[in-house]
Amino acid sequence: MTEKKAEASLEHLRRVFTVPEGEDSALAAIDREISRNLAGFLREHIVSEEKAPSKLERDFMESALPEDPCFVSEQAKFLLEKVVAQSVHTASPAFIGHMTSAIPYFMLPLAKIMFALNQNTVKIETSKVFTPMESQVIGILHRLIYGRAANFDDKFYRRWIQNRDHALGVFCSGGTVANLTALWVARNRLLAPRGDFAGISEDGIMAGMRAWGYDELVVMVSKRGHYSLKKSCDVLGLGKRNLIMVDTINHRIDLDDLRRKISEQKARRAGIVALVGVAGTTETGHVDPLEGMAAIAAEHKIHFHVDGAWGAPTLFSDRYRGLLKGIESADSVTIDAHKQLYVPVGAGMALFKDPAALDSVEHSAQYIIRKGSRDLGKHTLEGSRPGMAMLVHSGLHVLGRKGYEMLIDLGIGKAGQFAKMIQSSSDFELTTEPELNLLTYRHVPLYAREALKRAGAAAAARINDALSDLTGEIQKAQRAKGKTFVSRTRFELPQHHNHPCTVFRVVLANPLTTRQVLGEILDEQRETAERLLSGPVGHKLRAACAAVN
Ligand SMILES: *Cc1c(COP(=O)(O)O)cnc(C)c1O
């Protein structure tokens, strides 16, 4: 690259703070290649063999602060060899294991523009037009969710979309912070000012519980709720054990158990901060009965939050919107833009039905986010934030509702197709039916399938444990090979005596994933299974099956 050594000098500083003229930097070359052909670029640079984490760590063991500067070209060389080449090809059509997937090409130059402008949306003085743009994006998505409810008409949105004092929602880094924000608002509204008690923000949680006569504070969600809710209970001072897990029927919340548990909580003098419905569970993509939950929440005057981090964009689709019926009754909704709005990580939103809801968490300071200002930072948990709204705004316009609708319909349609492929094979078992664009399945050799049919609960448990080992091994081997990727998870399967089983988990969000790719994934898993079954995993499975006779 260069024989000359970089020196700490004003000249070096001037150079790194100025866009290079004429001469092309090594980074610009990578940038150009990635923009031209991401798939080709990554294929060329991604090593197919998985490196053990300890091997990856070897290049990152140095703890001494780099004393002298280096040239950008030297750093670029390091990045290309040690970082880009060891990153995960999330844009690959065969990478169908997680909610992180391909993004439309225009997001790439937009992200660059966003970082080049380096706006800070905490306050209008550092973001100017990014402030109303962000509010508009929030307004559009708020209307997507609530626009069908009574009174959420043009007039409502004209009044609130750019309101100085109230907000329809907040932007944040993702679903976790969105859920936390929603529960923060719910908690503060439950422990509202009363008598001498000036509200939880001022007087704290202990004073709030005394003022309202609560011995505990709880949040309720089905067993399939996202782990971010546990984190939120921790951060908000409720405690993780006060996230009450409600039983499920077919991976959706059991409303009878919900009613029972609400009574139990009231009996122990617990304040119920929120009832959380999931619109698209992270593991299986199921949607809770939101209408039924909304009715129960209304009856008991509980804040109803819908975690639609994954599934809320289903509302774009005329065909599938009905699956989320009841979401318009939610007091708050989480939606992740870096999932099904196809913007890069990380962007999420918490939306609130009542434009005054966020008043309960309003903060101000003298030099920033002044009272009465338009500053977005008044209502956000985070302080400095990037102008991600520009990317969401662009996605909404370039793709439009109809574009997003196609993406949703394609994904759900493909999940149905893949489910059929699995069901029509003799050696794969569909473990959860897709409702949205997620499904789970596992490899079950024919003899194990036969044995499971005849086995009692105890024998079946042993077979299922052996199958779980097999599923785990296949998934790891597939990941290591690096050609295709599905993830794995573990939960109780009602069709197998509620035994916890490890299953493959698939998320079909990449529009370029074809039927052929899906077929290849099954073929690869079948081949891997054959190889593994001749080893210890196979021995364990055959022994468990033989015990049935
Ligand atoms: C992804 C997800 C979250 C968390 O979102 P992050 O963006 O990863 O913080 C929360 N809930 C559900 C249902 C999710 O799918």
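Just so you know, ligand 1 is whichever comes first in the structure, and atom 1 is the first atom listed for that ligand.
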Would you mind running through ligand 1 and noting each atom that sits below 4.0 Å from a heavy atom of [X]?
{"X": "Met99", "value": "15 (O)"}
{"X": "Asp336", "value": "1 (C), 5 (O), 6 (P), 7 (O)"}
{"X": "Ala309", "value": "2 (C), 3 (C), 10 (C), 11 (N), 12 (C), 14 (C)"}
{"X": "Gly280", "value": "13 (C)"}

Top protein contact for [atom], by heavy-atom distance:
{"atom": "atom 11 (N) of ligand 1", "value": "Asp307 OD2, 2.6 Å"}
{"atom": "atom 4 (C) of ligand 1", "value": "His226 CE1, 3.3 Å"}
{"atom": "atom 6 (P) of ligand 1", "value": "Gly175 N, 3.4 Å"}
{"atom": "atom 14 (C) of ligand 1", "value": "Lys339 NZ, 2.9 Å"}

Main-chain N/O of [Y] paired to [X] side chain as donor or acceptor, under 3.5 Å:
{"X": "Gln340", "Y": "Trp310", "value": "yes"}
{"X": "Asp307", "Y": "Ala309", "value": "yes"}
{"X": "His142", "Y": "Ile138", "value": "no"}
{"X": "Asp354", "Y": "Ala356", "value": "yes"}
{"X": "Tyr320", "Y": "Leu436", "value": "no"}

Any non-hydrogen side-chain atom of Glu216 less than 4.5 Å from a side-chain atom of Gln265?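 No - every pair of side-chain heavy atoms lies 4.5 Å or more apart.
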Distance-only check: which donor-acceptor pairs under 3.5 Å involve side-chain atoms of residues 498-510, not counting sequence neighbours?
from, atom 1, to, atom 2, distance (Å)
His499, NE2, Asp465, OD1, 2.7
Thr502, OG1, Arg490, NH1, 3.0
Arg505, NE, Thr282, O, 2.8
Arg505, NH1, Gly97, O, 3.1
Arg505, NH1, His98, ND1, 3.4
Arg505, NH1, Ser487, OG, 3.1
Arg505, NH2, Thr282, O, 2.9
Asn510, OD1, Leu512, N, 2.8
Asn510, ND2, Ala91, O, 3.0

Measuring from non-hydrogen atoms of Ala178 to any atom of ligand 1, is the shortest distance under 4.0 Å?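 For ligand 1, residue contact (heavy atoms, under 4.0 Å) with Ala178 is absent.
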Evaluate His338 for polar contact with ligand 1, using N/O atom pairs at a separation under 3.5 Å.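 Yes, His338 has an N/O under 3.5 Å of an N/O on ligand 1.
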Side chain or backbone of Asn179 under 4.0 Å from ligand 1, or both, or neither, by non-hydrogen atoms?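 It is the side chain that touches ligand 1; the backbone stays farther off.
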How does Thr176 reach ligand 1, by side chain, by backbone, by both or by neither, if only non-hydrogen atoms under 4.0 Å count?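 Under 4.0 Å from ligand 1, Thr176 contributes backbone and side-chain atoms.
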Does the gap between the ring centers of Phe485 and His89 come in under 6.0 Å?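 No, ring centres 6.0 Å or more apart.
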